[in-house]
Visitor: 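If you scroll down you'll find the structure; I have some questions about it.
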Amino acid sequence: MTAAVQFSTTISDDVAIAMIGGRLDANNAQGVREKLAELADQAQSVVVDLSSLEWIDSSGVGALVSLYKRVLTAGGKVNVACLNGQPKEIFRLLRLDAALRAFPSVDEAVAHLRADS
Amino acid sequence: MGALVAELVAVSGPSQGKRYPIGDECVLGRSFNSDVYIGDLNVSRRHARILIDQQKHVIEDLGSGNGTFVNDQQVTRCALASRDVIRIGGSSFRYEDESEEARWAPEVQTIIGQLMKPTGAGFPAITLPPSDDPKRATTPLIEEVTDEVPAATAERALTMLEAIYGVTDAIAAELDLESLLEKILDHLFQVFPQAERGFILLVNEATGQLVPQAVKQRGSHRGGLAFSQTMVDQLMAGGSGVIRGQTVPPPSTRPARTADLSRQRTQPSENVPKIGVPLTLRGASLGTLHLEGRAKAQPFSPDDLALLSAIARQAALAIENARTGQQVMAQQRLQADLELARKIQRSFLPHQLPDVPGVNFFTHYLPALHVGGDFFDIIQLADQRIGVLIGDISGKGVSAALLMAKVSTDLRLFSRQVTSPAEILTHANRTLMEANQDAMFATALYLMIDLKARTFAVANAGHQPPMVCSTRFEGISELDVASSVALGVVPDTVYPQETYELVPGDVIVLYTDGINEAMNRKGQEYGMRRLRSVLVTGPVAPQAVAERIIADIRRFVGNTPQSDDQTIVAFGLSAAF
């Protein structure tokens with residue numbers, strides 16, 4: 001219940017990779033949103049690695065939506081990688097694939113970003 | 001030997017902080033034309049003078065009423081050495097011979113003192129690594145207070161205590177963090193006349209980052225507001241106070257004072273004396289506090305560090321108090337904010353259901369304490385059509401409530417202009433995109449009942465698909481409505497739409513995720529499986545179906561506080577239709 005969110009980032013060339021793990025909810029979504037915004041300013045496109053994300057609520061989705069809008073405005077793209085469990089269900093319900101394309105691995109998500117650009 | 005370059009620094013009294021260059025002769029007194037004017041009735045008009053004798057500065061008492069003291073010894077005439085303290089009436093001045101300072105100031109000096117622990121008498125103690133410099137080693141440190149206190153130590157201790165009390169008194173009651181930090185720096189500038197710039201950095205509670213919160217610089221002097229990152233890192237890492245010294249060129253190559261000021265900006269930071277302490281409270285690091293002096297000025301002393309550490313303890317406490325106070329105020333503001341949000345939200349939800357012949361509606365709306373973003377509406381339209389809307393705005397509080405109000409108003413308006421649910425959602429998506437609240441989005445399902453045709457058309461923007469309870473088949477079915485992305489995420493989204501037959505005896509149940517995600521004490525979700533099973537059997541009337549769900553959820557969650565709004569809209573053709 002109280003497991004916190006984990007967040008880390010790496011930037012390789014033009015693609016930034018954000019790892020979000022644990023629980024992304026109303027308690028930490030604002031902080032994550034700000035960090036994602038900083039990241040969006042540093043790279044053209046972003047891959048969000050959700051392999052260790054266990055739970056997400058609407059505020060958490062809001063943080064990702066915010067990232068998507070920011071990157072889109074700047075002409076970039078956001079792909080997500082390794083969706084599973086509850087977050088996968090939420091993504092399916094909200095049809096977020098229209099905004100954030102999901103890939104089974106970070107490598108594929110990155111490769112598709114590069115191929116598209 | 002070069003010319004004698006010396007200054008008097010007022011360390012206490014009405015002129016505290018002022019520096020007086022000493023030329024060949026200077027007079028100290030209460031007379032306005034004194035070189036060092038002291039506005040104190042205990043001081044004679046011409047009290048004392050300093051002159052040069054055998055290439056040294058000498059102080060002479062000019063027959064004053066209350067005497068002249070050097071290092072607490074009354075003198076009539078006395079040669080001055082650097083760092084001697086001259087006391088006249090209630091004022092003290094430190095004599096600084098810069099050539100002498102330069103001789104024993106090591107190249108770059110770093111003194112790291114352990115963070116002070118209060119001793120029994122409440123005086124700060126400081127421990128320092130041993131020094132090779134004989135003069136440095138004899139500098140009296142306040143280590144502990146015994147019954148027999150040397151007069152000089154006692155006075156220094158008293159000065160320190162006064163400074164500590166002064167700061168504590170000024171900051172204890174300050175609950176506004178910004179003004180508090182400003183006051184702390186103001187006082188530190190009074191206590192440390194040589195401080196030119198002061199910085200307070202605090203750890204941001206949300207992000208864990210160290211952020212500059214207050215900066216002060218003396219006078220109009222501009223040295224830029226950049227601070228030493230090395231200093232801050234050292235303070236955060238070491239948990240102890242730090243003094244950094246200076247490099248002083250030999251006196252003969254010393255540039256003139258005016259040139260000094262103009263060159264200051266380009267001085268390497270080693271030339272700037274610095275003193276800093278971490279701000280800690282109950283073992284937790286709140287941030288750092290540090291001061292920087294003028295480039296090439298005399299370094300801060302271990303006594304200064306002891307004093308700054310003592311003040312920092314009080315400052316940390318006051319900062320914590322201010323933060324707690326602000327949290328309480330923020331809490332109160334949040335409460336008011338939620339109250340407003342609740343009012344806005346309620347005012348935009350239907351107060352009364354339309355009385356439509358032929359269709360039975362039942363709605364259940366149970367808002368969570370912290371205001372979720374559920375919305376719903378039933379809109380009676382021309383040509384025996386009825387619009388049914390349900391949705392959920394992400395986010396909480398006033399901004400979410402206002403956006404929900406806007407979206408539901410727009411949807412109601414569009415309902416009268418276009419007949420297709422898909423188009424209505426397209427409009428709503430545009431409204432939300434234009435609202436430009438980047439982290440906000442809404443799920444929504446729009447269902448248009450056509451009583452003439454006995455059909456309903458549905459379009460879905462990322463919302464839970466409706467359930468159908470029927471006597472025609474065993475169990476329940478979920479309307480497999482094609483859905484597109486939630487509102488407010490992707491511009492110009494096109495929503496698919498499907499039309500279903502409305503069969504008498506069927507009950508269509510629309511709901512929000514507050515239903516299937518209702519949580520019990522153990523943190524378990526009510527879930528879709530329970531929701532389906534409770535719908536399987538029993539009476540088939542919109543109200544009865546909804547009430548079965550509500551009762552089952554109540555049993556499941558017990559008295560666990562509700563974390564999200566719960567909304568159900570159920571409807572079916574009435575038997576008579």
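Numbered from 1 within each chain, the chains take letters A, B, ... in sequence-line order.
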Visitor: Answer with side chain, backbone, both or neither: which region of Leu36(A) has an atom nearer than 4.5 Å to a non-hydrogen atom of chain B?
Guide: neither
Visitor: Considering only heavy atoms, which portion of Ser483(B) lies under 4.5 Å from any heavy atom of chain A: side chain, backbone, both, or neither?
Guide: both
Visitor: At a heavy-atom separation under 4.5 Å, does Gln524(B) approach chain A through its side chain, its backbone, both, or neither?
Guide: neither
Visitor: Ignoring hydrogens, what is the shortest heavy-atom contact between Leu72(A) and Pro491(B)? Give both atom names and the distance.
Guide: CD2-CD, 4.4 Å
Visitor: Rounded to the nearest 0.5 Å, what separates atom CD in Gln30(A) from atom OG1 in Thr207(B)?
Guide: 11.5 Å
Visitor: Counting C-beta onward and ignoring hydrogens, is there a side-chain heavy-atom pair between Thr443(B) and Leu94(A) closer than 4.5 Å?
Guide: yes
Visitor: Can you tell me how far the CZ atom of Phe441(B) sits from the NZ atom of Lys69(A), to the nearest 0.5 Å?
Guide: 9.5 Å
Visitor: Looking at chain A, which one of Asn460(B), Val490(B), Thr493(B) has the largest number of heavy-atom pairs inside 4.5 Å, strictly under?
Guide: Val490(B)
Visitor: Would you say Leu96(A) and Val485(B) make side-chain contact, with heavy atoms under 4.5 Å?
Guide: yes
Visitor: Check whether more than 12 heavy atoms from other residues, nucleotides or ligands sit under 6.0 Å from atom CD of Glu478(B), and answer yes or no.
Guide: yes
Visitor: How long is the gap from CD on Gln209(B) to CD on Glu34(A), to the nearest 0.5 Å?
Guide: 9.5 Å
Visitor: Rounded to the nearest 0.5 Å, what's the gap from CD on Glu525(B) to CD on Gln86(A)? Could you check?
Guide: 6.5 Å
Visitor: Sort Glu517(B) into side chain, backbone, both or neither according to what part of it lies under 4.5 angstrom from a heavy atom of chain A.
Guide: side chain
Visitor: When you look at Val65(A) and Met440(B), which way does the side-chain contact (heavy atoms from CB on, under 4.5 Å) test go after all the steps?
Guide: CA-CA 8 Å; Val65(A) 166; Met440(B) 275 191 197; over 6 Å; no
Visitor: Can you measure from OG (Ser58(A)) to CG (Asp564(B)) and round to the nearest 0.5 angstrom?
Guide: 7.0 Å
